[in-house]
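One structure is given here, and the rest of the page talks about it.
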Amino acid sequence: MENEQHHSPAYRALLLAGTRLKPLQQVHAHLIVSGSGRIRSLLTKLLSLACAAASITYTRRLFFAIPVPDSFLFNTVIVKTSKLGFSIDSLLFYRRMILSNISPSNYTLTAVIKSCADLSALEVGRVIHGHVLVSGYDLDSHVQAALVSFYAKAGDLGVARKVFDKMPDRTVVAWNSIISAYEQNGFAKEAIGLFYLMRDLGVEPDSATCVIVLAACAQSGDIGLGNWVHEYVVGQDFDVNVILGTSLINMYARCGHVSRAREVFDLMMESNVVAWTAMISGYGMHGYGTQAVELFNQMRAHGLRPNRITFVAVLSACAHAGLVHEGRHVFASMKQEYRLVPGVEHHVCMVDMFGRAGLLNEAYQFIKEVIREKPAPAVWTAMLGACKMHKNFDLGVEIAEHLLSVEPENPGHYVMLSNIYALAGRMDRVEMVRNMMISKSLKKEVGYSTVEIDQRTYLFSMGDKSHPETNQIYRYLDELMSRCREAGYVPESESVMHEVEEEEREFALRYHSEKLAIAFGLMKTSDGMAIRIVKNLRMCEDCHSAIKYISVVANREIIVRDRLRFHHFKDGSCSCLDYW
DNA sequence: CTAGGGTTAG
């Protein structure tokens, strides 16, 4: 009987219609007219095709027209909607299934857990985890892997780890889930550690492992492992598809090798908006604004439609390269040509762009005129950065005070305000802001820098004395800085703020983490080798100026990646052209 | 008769 139906004209008509909505609806109409509109197998097939046609409305209509859906129909609709990203719908169908007293299968459960992950719906996910335990599917490896990634995405890394630790059978996918969990939550080092553990246990990485590990390399600046993964990909003859290719581009760009990123980009067989955006962003963070804009135009010429993220990448590339004219043009095209509504992130880029270029009036006007609604705090923060950079104290103080009233728990605003007071010489105010922070028990984010030497990473924090060679490092740095002073470097005591006591300020400034990391790098590597630093925060003006001098007196190329971008220091100047 | 892990910004 089944077979007969599969070869029936109606079934073949469905297959022929495929995932195109109109033809499907025509076949559907035909089914109803011919009286076969109630046959389960046909309805199921129709339902899954409707869903694959990405029409959630039609899928809903179809499903609700079925009087008593069986578990097969529920499974089909839940699995398909979850897979296509209709997460809320898949959860609603799941609820109906439970209310109809139909037990979910392990397939249903993995699908709804994935939906919860996509929605970061921690509470709903916990309830479903309960269903998993009740139904006895807690030992199913698919369900477990889904749970691990769900908890990681919903922000509970601890539970993700617990689920992983209980898995009896750790497949590559299980390892991929937990490694990705750490990477996504900002623990790149731990992710890499787990990757090495996985290899030691004899589990062969697959291409998804490579994608995840490349992301961890990009995050931590681990070019050594990044290169290894690339070689592994080639050695294993993995297909460098868009996802893997994009991961390689991202890794090379974030590890400071833009040209290698470009080589990968040029060799990719297929590419999409995401790949182009990754490459554009890579140029942007190295200050290659012209190349970023050029690539953006090539992308459009290829007929690809840029998305919101693409525009963030291009606009921020313009901001970091002083390309005000181009930035204006791109922003206009976003609205006019692509009918995209600029969001806060784009406004921030624009204000930042004007601000860096010293066009404070344009920045302010942009806020007043272009941003109709109440400007978001992030927009004011960008404006504030511009005020500080170009020493407009009055406006800066005004904005900072506004930000403090809107976001009184954000330590960054206090630090900015205090820095502006310090620049203006109002040390009494500096003290006041400092006391406000203390009374609210807010802490400035701790800065650290890492440097890689012989495949090993060394971490330094400000005034760090934990390193076994501390004394030599400090002596070396002192000697280095005095040579810089002889060459004309003048330390600024302005931007160091109140994380330390008054008398320690000079000390703190002299021993910012990047300076320590550079000193150590210079000590441990031979002449001619570039020093690569990764810093979690933005560099301060003083370090930026000091490193220019260090690049001269030590005759070394120094490459620093800070929170926002790359700075290539060479022969006394920086690639950011002080557009930082 | 279907599933789990993987790509771009800030």
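Note that the structure is predicted; figures quoted are calculated from it, not measured. So you know, we letter chains A, B, ... as the sequences are listed, proteins then strands, and number each from 1.
Within residues 375-386 of chain A, no residue has a heavy atom under 4.0 Å from DNA chain B.
Atom-to-atom, CG of A/Leu73 to P of B/dT2 comes out at 16 Å; the value is rounded to the nearest Å.
Not a single salt bridge (Lys or Arg N to Asp or Glu O under 4.0 Å) links A/Lys45 to another residue, sequence neighbours left out. For A/Arg262, the salt bridge (Lys or Arg N to Asp or Glu O under 4.0 Å) partners two or more places apart in sequence, or in a different chain, are A/Asp266.
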Listed pairs under 3.5 Å, donor-acceptor, residues 184-194 of chain A side chains, sequence neighbours left out:
unit_1: A/Asn185; atom_1: ND2; unit_2: A/Ala152; atom_2: O; d: 3.3
unit_1: A/Asn185; atom_1: ND2; unit_2: A/Ala181; atom_2: O; d: 2.8

Sequence neighbours excluded and cut-off under 3.5 Å, please list the side-chain donor-acceptor pairs for residues 131-139 of chain A, or say none.
unit_1: A/His131; atom_1: ND1; unit_2: A/Tyr94; atom_2: OH; d: 2.5
unit_1: A/Ser135; atom_1: OG; unit_2: A/His131; atom_2: O; d: 2.9
unit_1: A/Ser135; atom_1: OG; unit_2: A/Val132; atom_2: O; d: 3.0

Open item on the list: Protein within reach of the bases, or only the backbone? For nucleotides 3-10 of chain B, mark each nucleotide 5' to 3' as B, S or -, using heavy atoms under 4.0 Å.
Closed with: BBBBBBBS
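Between A/Asn227 atom CG and A/Ile223 atom CD1 the span is 4.5 Å, to the nearest 0.5 Å. Expressed to the nearest 0.5 Å, how far NE2 of A/His320 lies from CZ of A/Arg565 amounts to 6.0 Å.
Classification of the A/Tyr232-A/Phe238 ring pair by plane angle, with boundaries at 30° and 60°, yields perpendicular.
Separation of the A/Phe164 and A/Trp175 ring centroids falls under the 6.0 Å cut-off.
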